[in-house]
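First up is the structure itself, then whatever we jot down about it.
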Amino acid sequence: MSEKYAPKSVEEKWQERWEASKIYKVTEDSSRKKYYLLEMFPYPSGRIHMGHVRNYSIGDVIARFKRMKGFNVLHPMGWDAFGMPAENAAIQHKSHPARWTYENIDYMRKQLKKMGLSYDWDRELATCDVEYYKWEQLIFLQMYKKGLAYRKTSFVNWCPTCETVLANEQVEDGCCWRCDNEVQQKELEQWFFRITDYAEELLDYTGKLPGWPERVLTMQRNWIGRSTGCEIDFPLEGHLAKIKVFTTRQDTLFGATFMSLAPEHPMALELTTPENRERVQAFIDKVQKTDRVKRAAEDFEKEGVFTGSYCINPVTNRRMPIYLANFVLTDYGTGAVMAVPTHDQRDFEFAGKYGLPLQVVIQPEEKQLDPETMVAAFTDEGVMVNSGRFDGIRSGEAKERIADYLEAEGIGKKTVNYRLRDWGISRQRYWGNPIPIIYCDLCGVVPVPEKDLPVVLPMDVEFTGEGGSPLARIPEFATTTCPQCGEAARRETDTMDTFVESSWYFLRYCCPDFVAGPLDKARVGYWMSVDQYIGGIEHAVLHLLYARFFTKVLRDLGYVDVDEPFVNLLTQGMVIKDGAKMSKSKGNVVDPDALIGKYGADTARLFSLFAAPPEKDLDWSDQGVEGSFRFLNRVWKLVHDLLTFVRQAGLVAPISLSPASRDLRRVVHKTIKKVTEDIEERFHFNTAIAAVMELVNAIQAFEPKNDPLNAPVLREALESVVLLLAPFVPHVSSELWEILGHEGGVEKAGWPGFDPAAVVDEELLVVVQVNGKLRGKITVPASAAEATVREAAFVDSRVKPFVEGKEVKKVIVVPGKLVNIVVA
RNA sequence: GCGAGAGUGGCGGAACUGGCAGACGCACUGGACUUAGGAUCCAGCGGGCAACCGUGGGGGUUCAACUCCCCCCUCUCGCACCA
């Protein structure tokens, strides 16, 4: 290899070697400690971006470090390959989603290989591969059997022009993002996963994941949104039926003066009296035309309409008019709210607008509430009034007492309510996993028998962009026969949400070639859980919640033994340039191909690791990249320049070292210690790299370099630099390691350990303060007694003037650190 | 409004259990080498002439505070009419 650092040839050489020898391939080995390191797999959008470079560089450091430490490291990669962009690209380029996807995968795989990432490529999987998604269909059927997959009617965003359901993200200002027509709320029958069955456990375990960032846990807790309260039945006037409400404020029950229902409440029209019918219908239509985003806005005006019916407050017997109100959500609680205008701000505003009565039932201590003069609802704790037998007790306690009372009287019961909704997985899309269900006019919903799996996604489809589910337009797919009765039947033509695939891919990585079922329990048992998961914060709720849910479902189906998929989670920050997240629309993207072409993968990796700690946003700087490149050049040159001096060097014999080489050796071992700790305990790669830079500076400053007596120490120093850098910049490290005369690669060398004896200082720099201000620095032998240090402090020439002639009140000596002299 | 996190040189960032604030890198300045330097090497680099002052602001604890406590300000992210 030439003297000049030529990243391209070095990187190609090592990448070929790694590929040919498959050194990152792993198999289960119960005699070794496993480590499962996973980065979120990418969507094959075309090419990798800097976010990927950063994410995968971070992961690769940990994988390589753990491998050098002797762990059996599972480090897989694959493709989250189903999804809408492929379909849109197909429409645009008159191509096929499969072709587009697989071409992207081929290109991106090459890019990742160029990065020198240490994956076991034999475990690669693509979720659009029938060998993957067929198992997902089986899991779906097993969930269906257990009632965890079910069908129900719900409101969704519907674009009438494109004839398809849109996700909330695809609705912009109430209009379809593609055709710009107004989006409606439409009631549709869709498939759901019963994630709410696991709400309690999902919430409970957020307290048992100490390796997760607090903010992710908080976001999941908010999302699950557990609240405790009561369900209370309000009898209807003149009906036998009752209206059930959910409330967390049963202490305000005596103040409930009217009832608010969601406009979509199933009893809304039934309760409307003939003379109100027109107005009520108009109101419902109006609300349904309003999209969810607008309706949820805080400044959205509270409006309602009287149905003409009344219900009865079960504890006061007050006659309560029943309204429909636009702020009552149909899918939270029971879709009905007992309105207590005195103690709920929304109800207060609503009552004001429609002239509804106010009844105070909680009095604050410091003032007296009067319905006539109230300007806002009182929502804090206070003392109960106008509440019969509960008068005089604190409202907090009354919550309990009233709940007990309601249960005893059979009026209501204590319940727990969740904000979390069941996961709607139906998509009217082609490029996804077909839901394995058949609809028969005679037998109804019939699951595809397991023996008939997989339901293969047909390839001959036309992409017109017309909208509607493409699968529904393929008669050979959509029409079939009922597996039960043999009569003509229809296939489900919706596909699954792509988040389903990413909910279990990490399990399949453990046994990607398993043919007898979705998961090989023994192999999954060996590898799971994922020891370290790394990805962007944008999946804090979605993917990370779904994956947790799926793991628990698969546990209950008997496939896995773990409760949680990911022990430790690292959410890396964004890549920022010129003050904004890198994006095409901002025009501030840095192309990884160009970067690697110019500087090599090692520089790209080094910079993205050095510029910021992983969890923080990374500010891209072209000059910073230059700096990283410069550093690698320095290391390269240093090793080559010193090669002749160290080639013949033997092992270090610590006893016979000169003071200078003993000092260098101390720096070497301190650096090993620091780098190890920074990687292992904190993932602070930036400070680890900084420490190696300091070591390189120390080696450069070391003299004399050509003294044969110093050669062993110098050699140890160089080898340490190379090995410590190996997880960060594997190509150049491998090359230099070979140049230093080692066969078998850095992987075999193992992670260097430090000699505890070598890191002990012989002399210590002790800071001398007078009244807490820095006045001098003294160097003392490490073995010096406290009294000696104290004396040395007093006689220091820079300290003396501040102490002389003054009364010394106190002297604090922190061994090895400082002396603080307190004078009057 | 609720919750989480963050405010340190010109910039990215260090400072682990309170003990030299600014490691390391970038940028910048001066010098060396050079036909040349946008390469490389050497030196300098928070502010102030100085005493001193400096980690968003104000208090406090301590011999000693970026670090601990109280109050406030700003920013980022998430949730938010959730009954």
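Just so we're on the same page: letters track the sequence lines, and every chain starts at 1.
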_Any base atoms under 4.0 Å from A:Asn697, or only sugar-phosphate, or nothing? Heavy atoms, all strands._
sugar-phosphate
_Under 3.5 Å, is there a donor on one side chain and an acceptor on the other for A:Ser227 and A:Asn417?_
no
*Side chain of A:Val767 only, please: which of B:A23, B:C20, B:A83 is the nearest?*
B:C20
_Counterpart base for B:G1, defined by Watson-Crick or G-U wobble contacts under 3.5 Å_ = B:C79
*asked:* Heavy atoms only, 4.0 Å cut-off, all strands: where does A:Pro613 land among base, sugar-phosphate and nothing?
replied: sugar-phosphate
*What nucleotide among B:G13, B:C81, B:A80 has an atom nearest to a side-chain atom of A:Arg419?*
B:A80
*Is A:Arg346 touching bases, backbone alone, or none of the nucleic acid, heavy atoms closer than 4.0 Å?*
base
*Quick one: does A:Val667's side chain get under 4.5 Å of A:Phe702's, heavy atoms only?*
no
_Reference residue A:Phe258; test ring-ring contact (aromatic ring centres under 6.0 Å, His included); the match among A:Phe350, A:Phe348, A:Tyr354_ = A:Phe350
*Counting side-chain heavy atoms from CB outward, which of B:C24, B:A27, B:A14 is closest to A:Asn686?*
B:A14
*When the nearest nucleotide of RNA chain B is assigned to A:Ala612 and to A:Arg249 on a heavy-atom basis, which residue is associated with the more 5' position?*
A:Ala612
*Between B:A21 (P) and A:Leu765 (CG): distance, integer Å*: 12 Å
_What contact category does A:Glu349 fall into here, base, sugar-phosphate, or nothing, at under 4.0 angstrom with non-hydrogen atoms?_
nothing
*With a non-hydrogen cut-off below 4.0 angstrom, is A:Val822 in contact with a base, only sugar-phosphate, or nothing?*
sugar-phosphate
*Calculate the interatomic distance between A:Phe629 atom CZ and B:A39 atom C1'; express it in whole Å.*
11 Å
_Using a 3.5 Å distance criterion without hydrogens, assess whether the side chain of A:Asn326 forms a donor-acceptor pair with backbone atoms of A:Glu303._
yes
*asked:* I want to verify a distance call: between B:A83, B:C82, B:G19, whose nearest atom is closest to the A:Arg421 side chain?
replied: B:C82
*Separation of B:A6 C1' from A:Arg215 CZ (nearest whole Å)*: 10 Å
*Let me know the distance between CE of A:Met574 and C1' of B:A6, rounded to the nearest Å.*
13 Å
*For the side chain of A:Lys810, counting heavy atoms from C-beta on, which of B:C63, B:A83, B:G25 is nearest?*
B:C63
*Under 4.0 angstrom, heavy atoms only, what part of the nucleic acid is A:Gly627 near: base, sugar-phosphate, or nothing?*
sugar-phosphate
*Pairing partner (Watson-Crick or G-U wobble, both distances under 3.5 angstrom) of B:C26*: B:G10
_Let me spell it out: for each of A:Glu677 and A:Tyr418, pick the nucleotide of RNA chain B with the closest heavy atom. Which residue's pick is nearer the 5' end?_
A:Glu677
*If the P atom of B:G59 is compared with that of B:C11, how far apart are they to the nearest Å?*
26 Å
*asked:* What's A:Asn820 touching, base or sugar-phosphate or nothing? Going by heavy atoms closer than 4.0 Å.
replied: base
*Mind checking the C1' distance from B:A27 to B:C20? Whole angstroms is fine.*
26 Å
*Classify the side chain of A:Lys777 and the base of B:C20 as holding, or not holding, a donor-acceptor pair under 3.5 Å.*
yes
*Using a 4.5 Å cut-off on heavy atoms from C-beta on, say whether the side chain of A:Phe802 contacts that of A:Lys773.*
no
*What integer number of Å spans the P atoms of B:C2 and B:C71?*
14 Å
*Is the base of B:C79 touched by the side chain of A:Asn222 through a donor-acceptor pair closer than 3.5 angstrom?*
no
*Enter syn or anti for the glycosidic conformation of B:G57, syn applying to angles within 90° of 0.*
anti
*Measure from the side chain of A:Ala690, starting at C-beta and using heavy atoms only, and say which of B:C26, B:C53, B:C24 lies closest.*
B:C24
*Tell me whether the OP1 or OP2 atom of B:A15 has a side-chain N or O from A:Arg682 closer than 4.0 Å.*
yes
*Using a heavy-atom cut-off of under 4.0 Å over every strand shown, decide if A:Arg226 touches base, sugar-phosphate, or nothing.*
nothing
*Atom CG of A:Leu764 to atom P of B:C20: distance rounded to whole Å?*
14 Å
*asked:* Just the rounded figure in Å: distance from C1' of B:C75 to CG of A:Asp617.
replied: 13 Å
*Taking the side chain of A:Arg775 as heavy atoms from C-beta outward, which of B:C52, B:C81, B:G25 is closest to it?*
B:C52
*asked:* In whole Å, measure the gap between the C1' atoms of B:C33 and B:C41 for me.
replied: 8 Å
*Mark yes or no for whether A:His343, through its side chain, and A:Thr379, through its backbone, hold a donor-acceptor pair below 3.5 Å.*
no
*According to the Watson-Crick and G-U wobble definitions, with both distances under 3.5 Å, which nucleotide is paired to B:U61?*
none
*From the options B:C63, B:G3, B:A83, select the nucleotide whose nearest atom is closest to the side chain of A:Ser227.*
B:A83
_Please give the distance between the C1' atoms of B:G56 and B:C73 as a whole number of Å._
7 Å
_Over-ring placement of A:Arg346 relative to A:Phe327, 6.0 Å and 45° cut-offs_ = no
*Nearest to the side chain of A:Met219, which nucleotide is it out of B:G19, B:A15, B:G78?*
B:G78
*May I ask you to say what A:Arg221 touches in the nucleic acid, namely base, sugar-phosphate or nothing, with a heavy-atom cut-off under 4.0 Å?*
nothing
*Rounded to whole angstrom, note down the P distance from B:C72 over to B:A4.*
16 Å
_C1' spacing across the pair B:G18 / B:G31, given as an integer number of angstrom_ = 42 Å
*Out of B:C24, B:C41, B:A15, which has the shortest distance to the side chain of A:Arg634?*
B:C41
*Report the distance from atom CZ of A:Phe685 to atom C1' of B:G12, rounded to the nearest whole Å.*
18 Å
*Could you state the atom-to-atom distance from CG of A:Asp251 to P of B:A83 in whole Å?*
13 Å
*May I ask you to test the A:Lys670-A:Asp761 pair for a side-chain heavy-atom distance under 4.5 Å?*
yes
*asked:* Rounding to an integer number of angstrom, what distance separates B:A14 and B:G46 when you compare their C1' atoms?
replied: 15 Å
*Does A:Asp233 use its side chain to pair, donor to acceptor, with the backbone of A:Gly412 at less than 3.5 Å?*
no
